[in-house]
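Basis for what follows: all heavy atoms, side chains included, without hydrogens, waters or symmetry-related copies. Lettering of chains follows the sequences in order, A, B, ..., and the numbering in each one begins at 1.
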Protein chains: 2
Amino acid sequence: MRATIKDVAKLAGVSTATVSNVLTGRKNVSESLRRRVNEASAELDYKPNSIARSLKTNQSHTIGVIVPDILNPFFAEVLKHIGYEASRKDYQVVMYESGESVRQEKKLLQQLVESGVDGIIDITSRLDREELKAGFSVPLVLGDRVAFDSVGNVAFAHTDNHASGRIAADHLIERGYRKFACIAGPVDATSAARRRLEGFREGLQEHGFTEQDLLVFLCKFSFDDGYRMMNHFLDIYNQEENCAVFASSDIMAWGAVEACKSRGIRIPEQIAIIGNDNIWCSKYIEQGLTTVEYPAKELGIRTMGMLLEALNHGGVFREREVILQPSLCLRNTT
Amino acid sequence: MRATIKDVAKLAGVSTATVSNVLTGRKNVSESLRRRVNEASAELDYKPNSIARSLKTNQSHTIGVIVPDILNPFFAEVLKHIGYEASRKDYQVVMYESGESVRQEKKLLQQLVESGVDGIIDITSRLDREELKAGFSVPLVLGDRVAFDSVGNVAFAHTDNHASGRIAADHLIERGYRKFACIAGPVDATSAARRRLEGFREGLQEHGFTEQDLLVFLCKFSFDDGYRMMNHFLDIYNQEENCAVFASSDIMAWGAVEACKSRGIRIPEQIAIIGNDNIWCSKYIEQGLTTVEYPAKELGIRTMGMLLEALNHGGVFREREVILQPSLCLRNTT
DNA sequence: CTGAAAGCGCTAACAT
DNA sequence: ATGTTAGCGCTTTCAG
């Protein structure tokens, strides 16, 4: 059986309060007693029971993280950096996948608060304004989710997705493409996908293109859907024009690339593809995928940073919204 | 403030013991009281405080998982399925990355038990026999780590890595290759890498090849190291022979492929490459990477299954070792 | 079948 | 500066 604070107190000949005080360091204890306590706890190899501590202090030092799919390198990278930051600050992270399902997301959110986490980071949330309006019983940071008039203890960190769409449009137009498709992801469900499409559309319009020049495909944020949508597009596409497609995540862009390859269509000669995210392996997709960089590492660090900040200040956020900037990452598919 | 069991008891006009009994269902309670308790707890939206429960029952319903690197799709997949299984059984998963460092691994292991997890899954552990000999204070499943005369509450699940090496060797020889290199990973640190190399070597020897015919490169299990090692090899390699390389993980194989591409070396005409793992994207590496399938999903499911089994039986394992079988996954790089 | 009460291991008032 | 003690929210004997 593991030694308890009582054992240490007895061995050191002091009260449990004194032991607690030297271990937490929250109160002054005389040098001599401090020494005796430290020796005793070393001798017994005493480790505080963190569950008992949590019960008493009402803090679990645990945060919950929800990502859609851990196999998507973008989310894996965000998660990795959330983990780093958490470790540095002595927080645990419990990880869940929503699988791009609102139902699942809601269930997880509820489970998480019931399980007693101190705070939550939810990446690409599908919850709408109303569902957040009432506030939340623990601080919640929504990553990669456009902000709204924020209430209660929820905060936002995301890249300017509208700008991402603009960057893609500007680049494609400058390159001389004149017909466009957008594999847009779950536009109705996530604001990230929606904003990218809006930015893209706006960019085209400002250069005089119309809805006639753009084909939009809605799907999930997955390789398989990128592949499928590209195939649908190629089925109806007659190759007479100078055409480019914007896939609003690299994993979909990758799927699109493979769909082309499987039909023997050359990129970018016969069709151009630009992605969004710049996951680590984009460099190696088809000799280098042109894409719009989304600073995943930064997102992880910032979401965790905001959450910790709130946790250390009674659950209130100092910053309510952090916006990161995307940038063009030029390679060989456009 | 969240309702407690006392609030429910008061509202229902019963004792807290009765509330506990109906909620846990461990004892018979009369129909009438059961109804009143359920109504009261519904009205107050009562959720048991799981931390208090943990303190009392000494079970956190949390398990710790350590993987080397979550960006490696192989580990991401294992983790995904561990997560699925955990969710199905109402367990939480706290996730950590060891970054292929023993020091970090040990630190995490200790942290994990101190934090009160019920059990631990450690993928590609670098701990040696001696360090495990003493047993462990919670059940521990080592995934992808060759077993030894197991003691205490530690168990093993892994693929027959020796067979993987054999499969690679047999295939390469059958294809007509006569000179070999192995990008072998951290052979000294992890038994998985060591066993793959041993199997590969043995396969070569049985067909009459000698140490003269094999060049071995030690490195980390990463894309970058695969890339670097392949470059080293190409620096000293004169292309006169029919040559093949076995990279003992797909992520390294991918790096090796890219190194070849960057030098304009054609695969498999000028050099063949076979990997190990069959991560989801191997299908798309260089028109399809030939590899040895390692059933990652199965590994996740089995490690978690073993752990849960132990958790439900006083911390003792029924199976001490599970061995999965690899198989050749033939594609276009050999 | 039901309730009273002890106690899991710790922290934080409150006394001394 | 140090000790005494109540109590976090729950489960679980043990009596009734």
Side-chain angles (χ1 to χ4, degrees), chain A residues 1-41 44-62 90 113-118 137-138 314, chain B residues 1-41 44-62 90 92 113-118 137-138:
Chain A
M1 219 34 212
R2 217 158 106 167
T4 73
I5 199 171
K6 276 188 187 168
D7 302 323
V8 178
K10 194 182 295 175
L11 182 60
V14 299
S15 72
T16 60
T18 301
V19 177
S20 177
N21 286 335
V22 3
L23 265 67
T24 60
R26 308 183 74 77
K27 247 183 169 177
N28 269 351
V29 178
S30 70
E31 189 50 37
S32 63
L33 284 198
R34 156 173 287 117
R35 277 246 326 267
R36 270 164 50 200
V37 167
N38 282 330
E39 282 169 10
S41 83
L44 297 174
D45 192 29
Y46 169 67
K47 309 283 185 234
N49 178 323
S50 55
I51 300 203
R53 183 177 276 175
S54 291
L55 179 61
K56 183 69 192 175
T57 61
N58 211 19
Q59 294 187 6
S60 59
H61 265 236
T62 300
D90 284 317
V113 323
E114 283 174 23
S115 80
V117 296
D118 292 340
S137 70
V138 298
Chain B
M1 220 33 213
R2 220 159 107 166
T4 74
I5 198 172
K6 275 187 187 170
D7 302 322
V8 178
K10 193 182 297 175
L11 182 60
V14 299
S15 73
T16 60
T18 301
V19 177
S20 177
N21 286 334
V22 2
L23 265 66
T24 60
R26 308 182 73 77
K27 246 184 168 178
N28 270 350
V29 179
S30 69
E31 188 51 35
S32 62
L33 284 197
R34 157 174 285 116
R35 277 247 324 270
R36 272 164 48 199
V37 167
N38 282 330
E39 283 168 11
S41 84
L44 297 174
D45 190 30
Y46 171 67
K47 310 282 184 235
N49 178 323
S50 55
I51 300 204
R53 184 176 275 174
S54 290
L55 178 60
K56 185 67 195 178
T57 61
N58 213 15
Q59 293 187 5
S60 60
H61 264 236
T62 300
D90 284 316
Q92 278 193 324
V113 325
E114 284 174 23
S115 79
V117 297
D118 292 340
S137 69
V138 298

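Residue contacts for A:Ile51: at a heavy-atom cut-off of 4.0 Å it reaches no nucleic acid atom on any strand shown. Within the nucleic acid shown, B:Thr24 comes within 4.0 Å of sugar-phosphate atoms alone, with no base atom in reach, counting heavy atoms only.
Heavy-atom distances to DNA chain C give each of B:Val14 and B:Thr57 a nearest nucleotide, and the one nearer the 5′ end belongs to B:Val14. Remark on DNA chain C: of its neighbouring residues B:Leu33 and A:Val19, the 5'-side contact belongs to B:Leu33, judged by nearest-heavy-atom nucleotide.
The CZ-P distance, from B:Arg34 to C:dT2, rounds to 9 Å in whole Å. Between A:Asn21 atom CG and C:dC14 atom C1' the separation is 13 Å, expressed in whole Å. Between the CD1 atom of A:Ile5 and the C1' atom of C:dG7 there is a distance of 16 Å, given to the nearest Å. One can place CZ of A:Arg26 at 18 Å from P of D:dT2, the figure rounded to the nearest angstrom. B:Lys27 places its NZ atom 12 Å from the C1' atom of C:dA4, with the value rounded to the nearest Å. One atom, NZ of B:Lys10, and another, C1' of C:dT2, lie 19 Å apart when rounded to the nearest Å. One can place NZ of A:Lys47 at 16 Å from C1' of C:dG9, the figure rounded to the nearest angstrom. Counting to the nearest Å, the C1' atom of C:dG9 and the CG atom of A:Leu44 are 15 Å from each other.
Here the nucleotide nearest the side chain of A:Asn28, chosen from D:dA1, D:dT4, C:dC10, is D:dA1. Relative to the side chain of B:Ala17, the nucleotides C:dG3, D:dC8, C:dG9 differ in distance, and C:dG3 lies closest. Closest approach to the B:Ser30 side chain among C:dA12, D:dC10, C:dC1 is made by C:dC1 (side chain taken as heavy atoms from C-beta onward). Listed candidates were D:dC8, C:dT11, C:dT2. Nearest to the side chain of B:Val29 is C:dT2.
Two residues are said to be in side-chain contact when any heavy atoms from C-beta on lie closer than 4.5 Å; A:Val22 and A:Leu33 fail this criterion. Side chains of A:Val19 and A:Ser41 form no contact here, defined as non-hydrogen atoms less than 4.5 Å apart. In this structure, the side chains of A:Leu23 and A:Val37 come closer than 4.5 Å at one or more pairs of heavy atoms. A 4.5 Å side-chain heavy-atom check between A:Asp118 and A:Val138 finds every atom pair outside the cut-off.
Applying the 4.0 Å criterion to OP1 and OP2 of D:dG3, one finds that A:Thr16 has every side-chain N and O outside that range. Taking side-chain N and O atoms only, A:Thr4 has no distance below 4.0 Å to OP1 or OP2 of C:dG9. The shortest distance between the side-chain N/O atoms of B:Thr18 and the OP1/OP2 oxygens of C:dT2 is not below 4.0 Å.
Formation of a donor-acceptor pair under 3.5 Å by the B:Arg36 side chain with backbone atoms of B:Leu11 is not found in this model.
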